[in-house]
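All of these numbers come straight from a predicted model, not from anything done at the bench. First listed ligand is number 1; within each ligand, the first listed atom is number 1.
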Amino acid sequence: MKMTRRTFLNATAATVALSAAPVSLDVSKASDDVLEINARPAQQRLYSPDHPPSDLWTYNGSAPGPEIRVKRGQRVRVRLTNGLEEPTSIHWHGIRIDNSMDGVSGLTQDPVMPGESFEYDFVAPDAGTYWYHAHNRSWNQVARGLYGAFIVEEDIPAFDREHDLTLVVDDWLLDRRGVLNVASLGSMMEWSHGGRLGNWLTVNGESQPSLNLSSGEAYRIRLINAANARILEIDPNRFDAKVIAYDGQALPQPETLAYAPLLIGPAQRVDLLIRPSGPGVIPIEEISGDRPYAFANLQIADSENPNPQVPKLYPNELPEPDLSQAKHVRLDMTGGAMGIMVETVYQGRKLGRRDFARTGQVWAFNGIANLAEEPLFRCRRGETIVVETINRTAFPHAMHIHGHHFRVIGRSGSSVREQNPWRDTFLIGPDQTTRIAFVADHPGKWLFHCHMLEHAAAGMNTWFEVT
Ligand code: C2O
Ligand code: CU
């Protein structure tokens, strides 16, 4: 995959934070069983204590917002109150949810207007690592900080809280003062190229935090990529970690990766299992640049009597696609800088090259930019769908299907394993073709889009309907 080189700011200005534990909201501890989430502006330092704070948009005053923790099968009620100056809504990314609760402004609900509230009420069917984020003008709202972790615990949590660490990684574009660059939001350069790429990584809103671990004990590290467009590259073998889940769904067995780097696209999650053998510092590095960049450090202390148990995860039960009866759909991706531009229709009208500045539309799926009257396809509930995606653009993309997990069953230029993991977002490189399969088992209108949020805004957005 061709990648843009990383150019992060000089790391020396940052200081090591003491702890990066996010605030958490536990449903069982909510007073009337309703979690309150207020979307509102707040100031937060992103770079170093010596630099001014940034004006962010937050859930309950911080980015990321509170980590929401629920139990599998438990009813979740969240009251979103909009304290912003523009409409918003919350999408529960990766959760196989009832369509009316999916949070897509303009498709599954009306956006929540400034000063108003909306109550989400749903059950999370699968244990695992998910996240929630704004889903109205996401390229703007997520870039400003509207996201948080959503953790669904197993019936009996596999790891206790001390051994269960969430790392929400974001890639911010800071200006020379170390402050969020707001002026460049919506720049056509970002929309037509690789999306908004930042120059500073934070973990749970902090710069290069240290996490305290004990040697000889097993930890679960939940990595969530909350960036608008940055693909993170890590090598779990550098710190003896195994992969135990992708996009929330546990693997049957912990897996030692036979290749590197592991790419974590925007919106993707990877859960790692790590059992440090001795005291010391283990950096978790992003390795796409010329030099590895430690975005977090694990401080390992000697443990007197380590607990030798390595907890086991059990995969959720998902409906297995039946390829012999599948409905086949093709998705041709075109457009963008240096890409093929086919005749493109936007809101029922043909677009000319010069319409780009007016509409902001520069990418297309099957020659259509953004949501059309007609869906990409309609299907019956329970049908197996195979989508063949052909990337005819010069950029990689991170394609996300709402409401369903799928298996990648074919990918040009790389071997696909026998048993492919479930995912809700797949990466596709320039000139690559990828086939995914899933059972469309939730009725409703579902979004299918690139999670590089500028690409989605600029046309890479479609929908399908399950009846
Ligand atoms: Cu995580 Cu449509 O998004
Ligand atoms: Cu894209």
(message) Could you check, using the six-membered ring where one of them is a Trp, whether His404 and His402 have ring centers closer than 6.0 angstrom?
(response)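 His404 vs His402: aromatic centres not under 6.0 Å.
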
(message) Determine whether the aromatic ring centres of residues Trp92 and Tyr130 are separated by less than 6.0 angstrom.
(response) no

(message) Applying the ring pair (Phe, Tyr, Trp, His ring centres under 6.0 Å) criterion to Tyr132, which one of Tyr147, Tyr120, Tyr59 satisfies it?
(response)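 Answer after filtering Tyr147, Tyr120, Tyr59: Tyr59.
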
(message) Could you check whether Arg40 makes a cation-pi contact with Trp57, meaning its NZ or CZ is under 6.0 Å from the centre of the six-membered ring and within 45° of the ring axis?
(response) no

(request) Have a look at atom 1 (Cu) of ligand 1 and estimate, to 10 degrees, the angle subtended by NE2 (His133) and ND1 (His93). (result)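 Nearest ten degrees: 120°.
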
Please determine if atom 1 (Cu) of ligand 1 has an N/O/S atom from [X] lying under 2.8 Å away.
X	answer
His451	yes
His402	no
His400	no

(request) Could you tell me how the ring of Phe464 sits relative to the ring of Phe377: parallel (under 30°), tilted (30 to 60°) or perpendicular (over 60°)? (result) parallel

(message) If you consider just the N/O/S atoms, which atom of His397 is the closest one to the Cu ion (ligand 2)?
(response) ND1

(message) For N/O/S atoms only: which one belongs to His455 and is nearest the Cu ion (ligand 2)?
(response)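 His455's closest N, O or S atom to the Cu ion (ligand 2) is named ND1.
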
(request) Indicate if the distance from atom 2 (Cu) of ligand 1 to the nearest N, O or S atom of His91 falls below 2.8 Å. (result)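 Given the 2.8 Å cut-off, His91 does not count as a ligand of atom 2 (Cu) of ligand 1.
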
(message) Please determine whether a side-chain nitrogen of the Lys or Arg among Arg220 and Glu154 lies less than 4.0 Å from a carboxylate oxygen of the Asp or Glu.
(response)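 A salt bridge links Arg220 with Glu154.
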
(message) Closer than 2.8 Å to the Cu ion (ligand 2): does that hold for any N, O or S atom in His451?
(response) no

